[in-house]
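When a ligand or atom number is given, it counts from 1 through the structure's own listing order.
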Amino acid sequence: MNKTALVTGGASGLGFELALLLAKDEYNLVLIDIDAEKLKEAKQEIETNYSVNVQISAKDLSQINISEDIMAEIGNTQIDVLVNNAGFGVFGAFHEVDWNRQAQMLNLHIITTTHLTKLIVEEMVKRGSGRILNLSSLAAFQPGPMMSLYYATKGYILSFSEAIANELKGTGVTVTALCPGPTKTSFQKVVANDSSENKISFNMASAKDVAAYGYKAMNKGKVYAIPGGFNKILATLPRFIPRNSAANIVRKIQEKNREE
Ligand SMILES: NC(=O)c1ccc[n+]([C@@H]2O[C@H](COP(=O)([O-])OP(=O)(O)OC[C@H]3O[C@@H](n4cnc5c(N)ncnc54)[C@H](OP(=O)(O)O)[C@@H]3O)[C@@H](O)[C@H]2O)c1
């Protein structure tokens, strides 16, 4: 019998690439995303190419308690792999960015990631098996002026994932935090709130490569995974420089990326 994987934000970008890898390994899929049309297209593409069932559900995952609705919808379906991937970035000074957008991000990155993990990991522990892949970011390793909440929430996801991965040792359940650097998806356009992309693009990875790296790390039960040699150096660098210097560097990069 096929196993089942649930992927949030599975209709595009890294979530979709991860869904393709799971389908290739014969996982049935539950894809949740905000856009019903994109979900239908993703379902069609996956079912055309792989012999798996794809259940889709259009939901705004920034709604508080949405995780309970998801559990009610999937009913008795056993979730063998959970990928907490849905997320977005917002550029701008903390005091200037619209609160509703900030609250949506806090709810999506922190509340929904945590709640869905909580509801699904309990069953995984009872069964003695399961894999969880949480999308953190290179942003998790230092403060991020001009994208303060994004960096802070990705730091939360990394810390949360590492801590529960440790608690779960010996249970058969693993938790992996994937920490990509800049990756070519719609993400950068959403951050900029227009059609532009990062001005600094020499270190831009493809979504396929990043997903493949994260998927392999998840299957090996690695606690965290940073794709790319340069990104590994960038993740380590803040340990060797004063914290305010790290913040200054990030601010310069963010402002350069978004300048007119
Ligand atoms: N791309 C990068 O440079 C990068 C680097 C490090 C980490 N990450 C992380 O990787 C994850 C995936 O991002 P991506 O690069 O693949 O971006 P993406 O292509 O924009 O994919 C994110 C998906 O999540 C969906 N989504 C956003 N808000 C949602 C909500 N409230 N409810 C349900 N679905 C929602 C998006 O739908 P819509 O597009 O319709 O809004 C989109 O389909 C994110 O957690 C991101 O923080 C990305």
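Compare Q63, M105, K154, K59 by their heavy atoms: the one nearest to atom 33 (C) of ligand 1 is in K59. Compare D33, I66, T112 by their heavy atoms: the one nearest to atom 25 (C) of ligand 1 is in D33.
Using a non-hydrogen distance threshold of 4.0 Å, Q104 does not register as a contact of ligand 1. Residue contacts with ligand 1 include S136, since one of its heavy atoms falls under 4.0 Å from the ligand.
Counting heavy atoms from C-beta outward, H115 and L119 have side chains that approach closer than 4.5 Å. Side-chain contact between Q55 and I74 is present, with at least one heavy-atom pair separated by less than 4.5 Å. Side-chain contact between L29 and L22: present, with at least one pair of heavy atoms (C-beta onward) separated by less than 4.5 Å.
In terms of protein heavy atoms, atom 31 (N) of ligand 1 is closest to D60 OD1, 2.9 Å. At the shortest separation from atom 11 (C) of ligand 1 among protein heavy atoms lies N85 O, 3.1 Å. Nearest to atom 8 (N) of ligand 1 among the protein's heavy atoms is Y150 OH, 3.7 Å. When hydrogens are left out, the protein atom nearest atom 6 (C) of ligand 1 is P180 O, 3.3 Å; that is the closest non-hydrogen contact. Ranking the protein heavy atoms by distance from atom 27 (C) of ligand 1 puts G87 O, 4.0 Å first. At the top of the distance list for atom 15 (O) of ligand 1, counting protein heavy atoms only, stands T185 OG1, 2.6 Å. The closest protein non-hydrogen atom to atom 5 (C) of ligand 1 is G181 O, 3.3 Å. For atom 28 (N) of ligand 1, the nearest protein heavy atom (residue, atom name, distance) is L108 CD2, 3.7 Å.
The shortest N or O to N or O distance between D35 and ligand 1 is not under 3.5 Å. Ligand 1 has a nitrogen or oxygen under 3.5 angstrom from a nitrogen or oxygen of T183. In terms of polar-atom proximity, P182 is not counted as a contact of ligand 1, lacking any N or O under 3.5 Å from an N or O of the ligand.
Of all the atoms in ligand 1, the ones that sit under 4.0 Å from a non-hydrogen atom of L135 are 10 (O), 11 (C), 45 (O). Under a 4.0 Å criterion applied to the non-hydrogen atoms of S186, ligand 1 contributes the atoms 19 (O), 20 (O). Close approach of ligand 1 to G9 is summarised as follows: ligand atoms under 4.0 Å from at least one heavy atom of the residue are 23 (C), 24 (O).
Both the sub-6.0 Å distance and the 45° axial angle are satisfied by R101 relative to the ring of F88.
Linking ILVMFWY residues whenever their side-chain heavy atoms come closer than 4.5 Å, directly or via other members, leaves L178 and I132 in distinct clusters.
Note on E26 versus K3: no salt bridge recorded, every NZ/NE/NH1/NH2 to OD/OE distance being 4.0 Å or above. Between K118 and E122 a salt bridge is recorded (basic side-chain N to carboxylate O distance below 4.0 Å). A salt bridge links K40 with E37: the closest approach of a Lys/Arg side-chain nitrogen to an acidic carboxylate oxygen falls below 4.0 angstrom.
Under 4.0 angstrom from ligand 1, the non-hydrogen atoms of L14 come from both its backbone and its side chain. Neither the backbone nor the side chain of A11 comes within contact range of ligand 1; no heavy atom lies under 4.0 Å. With a heavy-atom cut-off of 4.0 Å, H109 does not touch ligand 1 at all.
In this structure, the ring of F187 has its center less than 6.0 angstrom from the ring center of Y150.
Judged purely by distance below 3.5 Å, without hydrogens or angles, the side chains of D60 and Q63 pair a donor atom with an acceptor atom.
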